[in-house]
Protein chains: 2
Amino acid sequence: MWVKSQIVYEAILTAAEGEFAENGYVKATINNIARRAETSSSNVYVYFQSKLEIALAVYEPWFKNQILALEQSVSQKRTVERKLTCLLEGLWKSIPRDENRLTAMHIQALATATPRDPYSSELLRWTESKIAEILSGVFDKDEDPHNDYLAVAHMIMLTFDGVGMRQNLRQPLDRSGQMISQMVSMLARS
Amino acid sequence: MWVKSQIVYEAILTAAEGEFAENGYVKATINNIARRAETSSSNVYVYFQSKLEIALAVYEPWFKNQILALEQSVSQKRTVERKLTCLLEGLWKSIPRDENRLTAMHIQALATATPRDPYSSELLRWTESKIAEILSGVFDKDEDPHNDYLAVAHMIMLTFDGVGMRQNLRQPLDRSGQMISQMVSMLARS
DNA sequence: TCCCTCAAACGAATGCCATTCGATAATAAG
DNA sequence: CTTATTATCGAATGGCATTCGTTTGAGGGA
């Protein structure tokens, strides 16, 4: 059917995940990915249209898992403050600082993309809805001023992008702790 | 000494500003910059160590001016809410959406940099202090829990980075208005 | 006026990489 | 067994940052 060869396709994805994790988006090369997947760089283009497409294919499932796991963690906390802190620490610390640095690689990929590249904001929208839903659950009001939560979720995600972007650079100063507690207290006051 | 070098130096900076504004960081080429400055690409390396260095040299003065102008605008507003709105609209709308798109180009430059590249976070720190100072002035409390303002300033700047990063992509949905008013009301409640 | 030195300038590499091409090999279909 | 399609590969192609080796020309000293 459609799938050329499921095995090779997945070998490429796995190879790419390793390569991106080690080298980030810019320094990773299709040749290295091909070598890891035990095929040729030209053959990679039978399965993917571009380097960007590979990056997105690697990132999406990883990131969705991270978010779903985070949702779990948040739900296990008892108080509003703990829930909010858990959410923000996940998004502004744990996930972007994850070993494999896929967040930074994703940011690199998007930053170097042009408007003509095949990017869809579907994943971003999915994530923002999810966060809005979590926030809504934290305060559990059913009257649903959902738009407010979406706006906050959007800001949280833009900050997440910023954190990921700054991950590349050696940041001598880490203000994330203060930032999180500040934001938690502002949100909790709502 | 050669008076000429100053002239060429500035010709390169001007040329680079034009080139970066038109093409962003990634698509801009040293060759184009050299051509605009009426010199050769190799000669550019007499004045700058790398493409990144040029980008930062172009960005810094432009951005500082934007911030100083914004500080002015904020100071002319009368109420707390108007001041905050002015500040956030500047940082999350006007500056990143500026014609010349230098914000997006700066993000591209940083996102593609490696930790070994000659980046200093001095400008970021300067900006965050400035924003903290502005916030402090808005609420004009002299007791100065300055660290809280710095944390908020940091978050504002990370969001700014996120906005600039997303500028590359055609974003179909613009939630910046809601985001700003939401943030203003959260801050004003402090 | 004539050298001599050294910064400034340049054209031609170098090396790296995403992406494409053209040609085979393998496989499925009839 | 033939034919069409797919997968694979090695060898381009084209673009670009950066480096190299050499040349040029201004300024100071003789």
Side-chain angles (χ1 to χ4, degrees), chain A residues 1-13 15-16 18-20 22-58 105-106 108-119 168, chain B residues 1-16 18-20 22-58 105-106 108-114 116-119 168:
Chain A
M1 266 305 271
W2 293 101
V3 183
K4 325 270 180 175
S5 158
Q6 193 68 20
I7 294 171
V8 175
Y9 179 84
E10 282 173 5
I12 293 174
L13 270 192
E19 173 74 2
F20 285 137
E22 276 179 34
N23 299 323
Y25 183 75
V26 177
K27 293 216 318 170
T29 76
I30 301 290
N31 240 307
N32 285 345
I33 293 172
R35 195 173 313 126
R36 283 173 190 250
E38 290 176 304
T39 180
S40 67
S41 62
S42 42
N43 198 40
V44 169
Y45 285 87
V46 172
Y47 295 87
F48 296 93
Q49 304 251 11
S50 66
K51 190 181 179 183
L52 178 61
E53 201 179 288
I54 304 176
L56 298 177
V58 165
M105 100 80 190
H106 180 237
Q108 283 190 357
L110 296 191
T112 59
T114 73
R116 288 182 320 176
D117 281 314
Y119 170 76
N168 282 352
Chain B
M1 273 277 141
W2 267 33
V3 186
K4 209 174 181 188
S5 54
Q6 190 65 25
I7 294 171
V8 175
Y9 179 84
E10 281 170 7
I12 293 173
L13 271 191
T14 307
E19 172 74 2
F20 285 136
E22 275 178 34
N23 298 323
Y25 183 75
V26 177
K27 293 217 315 171
T29 76
I30 301 290
N31 239 307
N32 284 346
I33 292 172
R35 194 174 312 123
R36 283 174 191 246
E38 289 176 306
T39 180
S40 67
S41 62
S42 40
N43 198 39
V44 169
Y45 284 87
V46 171
Y47 296 87
F48 296 93
Q49 303 251 12
S50 66
K51 190 181 180 183
L52 177 61
E53 201 180 287
I54 304 175
L56 298 177
V58 165
M105 99 80 190
H106 180 237
Q108 283 189 357
L110 296 191
T112 60
T114 72
R116 289 181 321 174
D117 281 315
Y119 170 75
N168 282 352

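In this structure, CD1 of Ile7(A) is placed 13 Å from C1' of dA7(D), rounded to the nearest angstrom. For the pair Asn43(B) CG and dA8(C) P, the interatomic distance rounds to 9 Å; values are reported in whole Å. For the pair Glu53(B) CD and dA17(D) C1', the computed distance is 14 Å after rounding to whole Å.
Taking a pair as Watson-Crick or G-U wobble with both distances under 3.5 Å, DNA chain D forms stems of 3 or more consecutive pairs at C:1-30 with D:1-30.
Within the structure, every side-chain polar atom (N or O) of Ser40(A) is placed at least 4.0 Å from both OP1 and OP2 of dG10(D). At the phosphate of dT6(D), neither OP1 nor OP2 sits under 4.0 Å from any side-chain N or O atom of Ser5(A).
For Tyr119(A), the side chain to side chain donor-acceptor pair (under 3.5 Å) partners at least two apart in sequence or on another chain are Arg166(B). Looking at residues two or more places apart in sequence or on another chain, you find a side-chain contact (heavy atoms from CB on, under 4.5 Å) between Glu53(A) and Phe48(A), Gln49(A), Ser50(A). Legend: residues meeting ring-ring contact (aromatic ring centres under 6.0 Å, His included) with Tyr45(B), ordered by chain and number and at least two apart, are absent. Listed by chain and number, the residues in a side-chain contact (heavy atoms from CB on, under 4.5 Å) with Ala28(B) are Glu19(B), Phe20(B), Asn23(B) (sequence neighbours excluded).
Closest approach of Ala34(A) and Ser41(A) over heavy atoms only: CB-N, 3.4 Å. Residue Ala15(B) comes nearest to Ile33(B) through the heavy atom pair CB-O, 3.5 Å, listed as atom of the first residue, atom of the second, then distance.
In this structure, Leu56(B) and His106(B) have side chains that are in contact, with non-hydrogen atoms separated by less than 4.5 Å. Contact annotation: the side chain of Ile54(B) approaches that of Ile30(B) to within less than 4.5 Å [non-hydrogen atoms, C-beta and beyond].
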(request) Report, as a single string ordered 5' to 3', how protein heavy atoms within less than 4.0 Å touch nucleotides 16-23 of chain C: B base, S sugar-phosphate only, - not at all. (result) -SSBBB--

